[in-house]
Amino acid sequence: MNSVDFTKWFEIWTSEIQTHKIHLSDLDNAIGDGDHGFNMAKGVAAYQEAHLNKQDLSIGDECKLIGMSMLSKVGGASGPLYGSAFLAMAKSFGDTKEITHDQLVAALTAGVESIMYRGKASRYEKTMIDVWLPVIESLKQNNLTEEMIDSFVNETGPLKATKGRAAYLGDRSIGHIDPGSFSSGLLFKALLKLI
Amino acid sequence: MNSVDFTKWFEIWTSEIQTHKIHLSDLDNAIGDGDHGFNMAKGVAAYQEAHLNKQDLSIGDECKLIGMSMLSKVGGASGPLYGSAFLAMAKSFGDTKEITHDQLVAALTAGVESIMYRGKASRYEKTMIDVWLPVIESLKQNNLTEEMIDSFVNETGPLKATKGRAAYLGDRSIGHIDPGSFSSGLLFKALLKLI
Amino acid sequence: MKKILNRPEDVVEEMINGLVATHDNIVHRVGDTRVVARNYEGNGKVGLVSGGGSGHEPSHAGFVGKGMLSAAVCGDVFTSPTVDQVYEGIKAADKGAGVFLVIKNYTGDLINFTMAKEMAEDMDNIKVDSVTVNDDIAVEGSTWTEGRRGVAGTVLVHKILGAMAENNATLDEIKNESEILINEMATLGLALTPAIVPQAGKPGFELADDEIEFGLGIHGEPGYRRAKLHESKAMAQEFIDKIVAELKLKEGEEVVAFVNGMGGTPLMEQYVFMNDVLNILKGLNIHVTRKIIGNKMTSIEMQGISLTLLRIKNKRWVEYLDQEVKVAAW
Amino acid sequence: MKKILNRPEDVVEEMINGLVATHDNIVHRVGDTRVVARNYEGNGKVGLVSGGGSGHEPSHAGFVGKGMLSAAVCGDVFTSPTVDQVYEGIKAADKGAGVFLVIKNYTGDLINFTMAKEMAEDMDNIKVDSVTVNDDIAVEGSTWTEGRRGVAGTVLVHKILGAMAENNATLDEIKNESEILINEMATLGLALTPAIVPQAGKPGFELADDEIEFGLGIHGEPGYRRAKLHESKAMAQEFIDKIVAELKLKEGEEVVAFVNGMGGTPLMEQYVFMNDVLNILKGLNIHVTRKIIGNKMTSIEMQGISLTLLRIKNKRWVEYLDQEVKVAAW
Ligand SMILES: Nc1ncnc2c1ncn2[C@@H]1O[C@H](COP(=O)(O)OP(=O)(O)O)[C@@H](O)[C@H]1O
Ligand SMILES: Nc1ncnc2c1ncn2[C@@H]1O[C@H](COP(=O)(O)OP(=O)(O)O)[C@@H](O)[C@H]1O
Ligand SMILES: [Mg+2]
Ligand SMILES: [Mg+2]
Ligand SMILES: [Mg+2]
Ligand SMILES: [Mg+2]
């Protein structure tokens, strides 16, 4: 993937986030505090604006730009989690304009590790990790499809949350899709369009 | 009128007040603060209770009892106004068990004068005075009827309030019956049953 | 009606008990009366007594203590206290230099406080004087009517006169200053939602989801205009225009700005409103020497706000406002 | 949504501006950051920093000032502040003796505060330590989950640690005391009506006219039980039963009782509730050494209340609570 496609990835994702803003907040309303859509929209808007003045960024710098936007504009849990994931990816990619499939997998792995480190969470706790990990798994096996991503997102529904704000609901969190998983699903479905 | 009938007067009135409690407050809601029914009910309940332990009171003492009940239990505007009216009547009647029509008129006149002194109000300001004054007038002429009392009460409707809480509404007070006039109407209709 | 209550008829009793138990280092209840008096003696100083209907918490009992009120008399919800209760308040506040009553301009308060004043003068030889606060310019006053209502500005009167009393001003001095003071202030309020008197169990008026009422009284008395909900800036502008005109405030003059929450309006909104007020006054070149904010003269759970401006005619008023107090709610 | 606002997206900016303008004798805004810092320098003392989402006013900026917080970082409504804003707060609070962070136990707050701490340590060599307040026993905690939420008890932590910092306690001493403190307190809350986040424009949950929710979080997170509205006494009893069991409070022990209003609940109801709380504790022979009341850790306009009990394990906590402060809202 070259840097033009890479930038397109974030372009598609960020516009998808704007489109699904209300839906993301509604999901968060059910088991959290109803701001996930607003949080994410604010972060991606900051990225979109910052992007206007930048041209021909390396893939690493592109990741850094979106990471810093999330980190400095979003707040909440998702801001620093997405932020540190993108920053870890930036570090993993480095100053390049073309990446291989393996580099992509390695960077995403660094990203999810950063999320897990910051969020002190692992799989099946009903967080975005439940999308990142299986997506990376499937990417490795080169068989990721949109349907799979949707099912990873939907599979957070039956889980009982043990991390994040939804964890305070205990059993009452069961039956609702995790909002951060939904926004991560959008991220990977956008990626799928370009690889 | 003897003291038994006299006591009956207050008995009827106080039970009428209880019956019309909500209506009185509703009237007050429209142009005041919605408590006239509760205020009056509280006062007459205190009188009814105080009355249980008293027997064979003189007419003056009966007036004093109800006056003190209103004064010490009601608060608001109506409490001290009714209170001081009944106390003035008590003074006018003195320690007697039988009163003439003239004595009744004189006492009511002392009562309304006390209301006017305390409330610094005169006729046509949309207060209870607009019932007391014409009632006393008609009593003097010996032609008071229930219909007349009702019409005195209703005639407060078109007036613009210039005293009491309703005065703060200015023109918006027009078209609503004055709650204190309604409770005074009940007082005089109860009286009519006994003279 | 959704309230944290036991029996509605017990609300004032239980509230007073909760209040004096919470602030037992500052106040106490006088016997089984409805009077909350301060623990601080203040011997030889003028006693300051206020009160009125309950439902305006922290007014008035929250302002009882050293440097402010000597006693507050708590009526039923939105109902003036009775004559004998006010009389008890006056007796509790008398420490030998007379008692000064701060009355809000409502018929009920006026009659009950005046009759109590007469009782204390006649029966106990206590020197009593009073001021009638009428800061609400929503209602036009004239000598032929009730005049204007007393609302949030009363809190500033308590603070300034309370400091004077603490500094050993005489009854006459307090009376004179009070008359100057009340002529230099004006208040306007608005409501977004009504208040519910516990015993009534339903709101005294209704407002549609997008409606507000300008000029509403602190007991839910109707105001001067219904309007669609609009921006904070525009509401602040409307209030300031009217208040500036009423007080004939001129460029370069100094004021105290007091934004008062009606009970259900969160501080978030009060600060946003204050921000607009200060910006507009700055534009008019009117200097805001002191800013006061918070739920001080409330209307139970009503959502709404009021703005009081006080022209600083006497520089000492600022010192009086700044003077230390020991009360629950200043 | 009925609020006194301009554009919903500007609410935090305008609120902060209104707040620092109102209390300009106590606090200021640090540049164009979301940090409200105190004017008092406190050189050589540990700086105390708190913060979190906005919408809890007067928390946290209302507690900034001498004797309490050095700085408060204001996030968007109900959203933890960002890493760089917390970092600015730490820098503003550092007066040479290190900075102590009071974090409420929410994933977002924890991550942002922790990352900011690392930044300040790495880039500026500031010694930073922290405590994570988790007083809300509505949600069961276990080491495998998020544990319990931080709610109103945080205000007591601010007051006690703030007094310690003012009295020149070291960072380690504050850290040690903080860990003891948070283990001695427990809070439960309930809501009658929801809060509306301005940008969302609609409530996060619905409650029927006669329904309340027990154990609700300060951001409207669902609680442990829905119930029909019942008497204040019964609600107080339910809270006290649970808190007493959790803290294993025994006869003769001393506590601080803190009744906190959620923003839309008038003081009238808070006092009624406090009255019930004190009566029940008296019956249990648990001594209430200090009582604290008011809207301190709110949830915008939510109607509701919370009760915090703090066992007085260290007598000095009472002195710390009593110690003079210069803040807007204590
Ligand atoms: N500890 C955690 N580890 C990983 N992801 C988490 C964690 N906590 C929360 N999340 C993710 O963040 C999402 C919530 O984000 P958001 O609503 O923006 O923040 P907040 O919960 O602070 O309001 C959740 O749906 C979940 O996917
Ligand atoms: N100045 C006055 N003179 C005579 N009657 C008055 C005056 N002010 C009020 N009233 C009477 O009192 C009634 C209101 O009583 P109430 O509602 O119990 O007291 P409040 O107005 O204090 O709530 C009015 O309807 C009116 O008849
Ligand atoms: Mg959220
Ligand atoms: Mg009335
Ligand atoms: Mg009344
Ligand atoms: Mg959030």
Side-chain angles (χ1 to χ4, degrees), chain B residues 21-22 25-26 28-43 45-46 67-84 87 114-115 117-122 124-128 160-173 176 180, chain C residues 8-9 34 51-55 73-87 105-116 136 138-142 144-149 194-205 215-224 299:
Chain B
K21 178 167 103 169
I22 302 299
S25 281
D26 285 345
D28 197 24
N29 246 333
I31 52 171
D33 58 353
D35 61 0
H36 187 59
F38 304 112
N39 290 346
M40 294 301 294
K42 197 171 167 183
M68 285 309 296
S69 299
M70 300 303 290
L71 213 57
S72 67
K73 294 292 173 207
V74 180
S78 55
L81 290 174
Y82 274 114
S84 63
L87 290 186
S114 182
I115 293 174
Y117 170 70
R118 285 295 168 195
K120 302 200 168 48
S122 51
Y124 304 122
E125 301 208 75
K126 200 181 184 106
T127 72
M128 53 176 77
K160 173 171 160 176
T162 49
K163 284 287 149 62
R165 207 176 286 275
Y168 303 125
L169 266 79
D171 289 339
R172 285 162 74 173
S173 68
H176 299 276
Chain C
E9 53 269 45
R34 290 286 188 83
S54 291
V73 192
C74 310
D76 283 344
V77 179
F78 288 176
T79 303
S80 159
T82 59
V83 176
D84 52 331
Q85 294 297 322
V86 180
Y87 170 62
N105 192 30
Y106 299 96
T107 313
D109 292 67
L110 268 170
I111 302 178
N112 287 289
F113 277 73
T114 307
M115 288 176 75
D136 187 1
V139 190
E140 239 179 83
S142 97
W144 305 106
T145 70
E146 289 294 319
R148 310 185 321 196
R149 300 177 293 220
I196 301 177
V197 174
Q199 278 206 265
K202 57 180 186 201
F205 61 96
L216 205 111
I218 54 173
H219 311 93
E221 304 96 334
Y224 62 82
S299 193

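Note that the structure is predicted; figures quoted are calculated from it, not measured. Just so it is clear: chains get the letters A, B, ... in the order the sequence lines come, proteins before strands, and each one is counted from 1.
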**Report entry** Part of B/Lys73 within contact of chain C (heavy atom distance under 4.5 Å)
**Finding:** backbone
**Report entry** Spacing of C/Gln199 atom CD and B/Lys21 atom NZ [to the nearest 0.5 Å]
**Finding:** 7.0 Å
Query - B/Ser72, part contacting chain C, at a heavy-atom distance under 4.5 Å - result: both
Query raised in the report: Got a sec, which residues hit side chain to side chain contact (heavy atoms under 4.5 Å, CB included) with B/Ala30, two or more places apart in sequence or on another chain?
Result: B/His176
Query raised in the report: Between B/Leu169 and chain C, which part of the residue has a heavy atom less than 4.5 Å away: side chain, backbone, both or neither?
Result: side chain
Query raised in the report: So which part of B/Asp26 gets closer than 4.5 Å to some heavy atom of chain C, the side chain, the backbone, both or neither?
Result: side chain
**Report entry** For chain C, the option from B/Ser84, B/Gly34, B/Gly164, B/Ala166 that forms the most heavy-atom pairs under 4.5 Å
**Finding:** B/Gly164
Report task. Give a yes or no answer on whether the side chain of B/Asp33 reaches the backbone of C/Gly220 with a donor-acceptor pair at less than 3.5 Å. Result -> no
Query - Part of C/Tyr87 within contact of chain B (heavy atom distance under 4.5 Å) - result: neither
Query raised in the report: Which is it for B/Leu71 and C/Met115 under the side-chain contact (heavy atoms from CB on, under 4.5 Å) test, yes or no, and what are the steps along the way?
Result: CA-CA 10 Å; B/Leu71 213 57; C/Met115 288 176 75; 3.9 Å; yes
Report summary line: Note: B/Arg172 and C/Gly223 closest approach over all heavy atoms is NH1-O, 2.6 Å
Requested in this report: Without swapping roles, check the side chain of C/Arg149 against the backbone of B/Arg165 for a donor-acceptor pair under 3.5 Å.
Outcome: no
Query raised in the report: Which bit of B/Asn29 is near chain C, if near means a heavy-atom gap under 4.5 Å: side chain, backbone, both or neither?
Result: both
Query - Closest non-hydrogen atom pair, C/Arg148 against B/Tyr168 - result: C-CE2, 4.2 Å
Report summary line: C/Ile111 and B/Arg118 have their tightest heavy-atom pair at CG1-O, 3.6 Å
**Report entry** Between C/Val83, C/Thr114, C/Val197, C/Asn112, the one whose heavy-atom pairs under 4.5 Å with chain B are most numerous
**Finding:** C/Asn112
Report summary line: One should read off an interatomic distance between C/Asp76 CG and B/Lys42 NZ, to the nearest 0.5 angstrom, of 3.0 Å
Report task. Work out which heavy atom in B/Val74 is nearest to a heavy atom in C/Thr79; give both atom names and the distance. Result -> O-CG2, 3.5 Å
